[in-house]
Amino acid sequence: MEIEVEIRDDYEHEDKNLLYTPVNIPGSGVDDVIFAEQFEGCACSGTCVNANCGCIRGGTPFYYSCCGLADPDIPPNLIYECHVNCQCDSKCPNRLVQKGPHVGLSLMDAGPKGIGLWCKVDLPKGAFVCEYAGEVIGAEEARQRYAKQKNLGLRNYIFALREHFGKDTLPVLTYIDPSCIGNIGRYINHSCDPNLLIVPVRTDTFVPKICLFTRRNIAAYTELTFDYGGGAEPIQGVPDGWSEGTICRCMASVCRGFLPFDYSLG
Ligand SMILES: C[S@@+](CC[C@H](N)C(=O)[O-])C[C@H]1O[C@@H](n2cnc3c(N)ncnc32)[C@H](O)[C@@H]1O
């Protein structure tokens, strides 16, 4: 029996030239197979109990508490949620990001940074805010799109997620581009002292979802930010080659001066 969990995402773009997608979709330069190859589900009945659930797969035991909050102080390893092929029910605590973004997210004027995102309600530490969803594209496509938008003086929305799957292995990069097709996450600006944390989460396939959780309690109407260099493998400072020279306007006392940039795009 397949357990379908409804994604609740009522957001949309004000700019009618943009297409809204609540989840990642395959774009140019990636093999559709990675979206089609699904994990086997767990055989738990009702709600899952950590130790026996097949969805842990050697990754982090369930990252979420029973009240739907993550623990941002624990560095997560690989996170696999229960999914459509699992036997557990839709109330299983290991189903969180797949249910969609937090309610009350809203666009704001972020001055020289352009549009930004805030939430109309207080957010507790560990709350899931939203995914940074868009087209999943290949490395060469990402470089070409980046070069084109740079020539046109456009903002950059392409995010390069770096993950290591073992000691001494090369990082695996996943490029997400919500420039034209994306979700509400595309409006989140960078800060060198961010209040959100990036956590890659997988549900039914190996394609990671870039998920944003609160690092601390956040009062309503505070701008939501993440560190553009702080993926699963955070950049410390801005090493040579990791800045494209865009001045950072985050205003944090610890501001590094420039927006972080993944050199693989350059
Ligand atoms: C993912 S978009 C964020 C949404 C964007 N502000 C908008 O108006 O649609 C990333 C772009 O926002 C701007 N931006 C984000 N954070 C910034 C910061 N701390 N300082 C300056 N510009 C920033 C840059 O133009 C960057 O390329």
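The structure displayed is predicted, hence computed values, not measured ones. All ligand and atom numbering here is 1-based and tracks the order in the structure.
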Just so I know, are the side chains of Asp193 and Asp227 near enough to count as touching, which here means a heavy-atom distance under 4.5 Å?
no
At less than 4.0 angstrom from any non-hydrogen atom of [X], what atoms of ligand 1 do you find?
X      : result
Cys248 : 19 (N), 20 (N)
Arg249 : 18 (C), 19 (N), 20 (N), 21 (C)
Arg186 : 1 (C), 2 (S), 3 (C), 4 (C)

On a heavy-atom basis, the closest approach of Cys250 and His190 is CB-O, 3.7 Å
Can you name the nearest heavy-atom pair linking Ser264 to Leu173, along with the distance?
OG-CD2, 4.0 Å
Is there a heavy atom of [X] sitting under 4.0 angstrom from any atom of ligand 1?
X      : answer
Tyr132 : yes
Ala110 : no
Ile188 : yes
Phe159 : no

Between [X] and ligand 1, does any nitrogen or oxygen pair lie at a separation below 3.5 Å?
X      : result
Pro112 : no
His190 : yes
Ser191 : no

So for Phe261 against ligand 1, with non-hydrogen atoms under 4.0 Å, the contacting part is neither
Of the backbone atoms (N, CA, C, O) and the side-chain heavy atoms from C-beta on, which set of Ile247 has a member under 4.0 Å from an atom of ligand 1: side chain, backbone, both, or neither?
backbone
For the pair Phe159 and Phe226, name the ring-plane relationship: parallel under 30°, tilted 30 to 60°, perpendicular over 60°.
perpendicular
Once the angle between the rings of Tyr221 and Trp118 is folded into 0 to 90°, is it parallel (under 30°), tilted (30 to 60°) or perpendicular (over 60°)?
perpendicular
Salt-bridge test for Glu140 and Arg145: reply yes if a basic N is under 4.0 Å from a carboxylate O, no otherwise.
no
Option whose closest heavy atom lies nearest to atom 7 (C) of ligand 1, chosen from Tyr187, Tyr157, Phe258, Tyr228
Tyr157
Hey, is the main chain of Gly134 close enough, under 3.5 Å, to the side chain of Asn24 for a donor-acceptor pair?
yes
Would you please say whether a donor-acceptor pair under 3.5 Å links the side chains of Glu40 and Asn85?
no
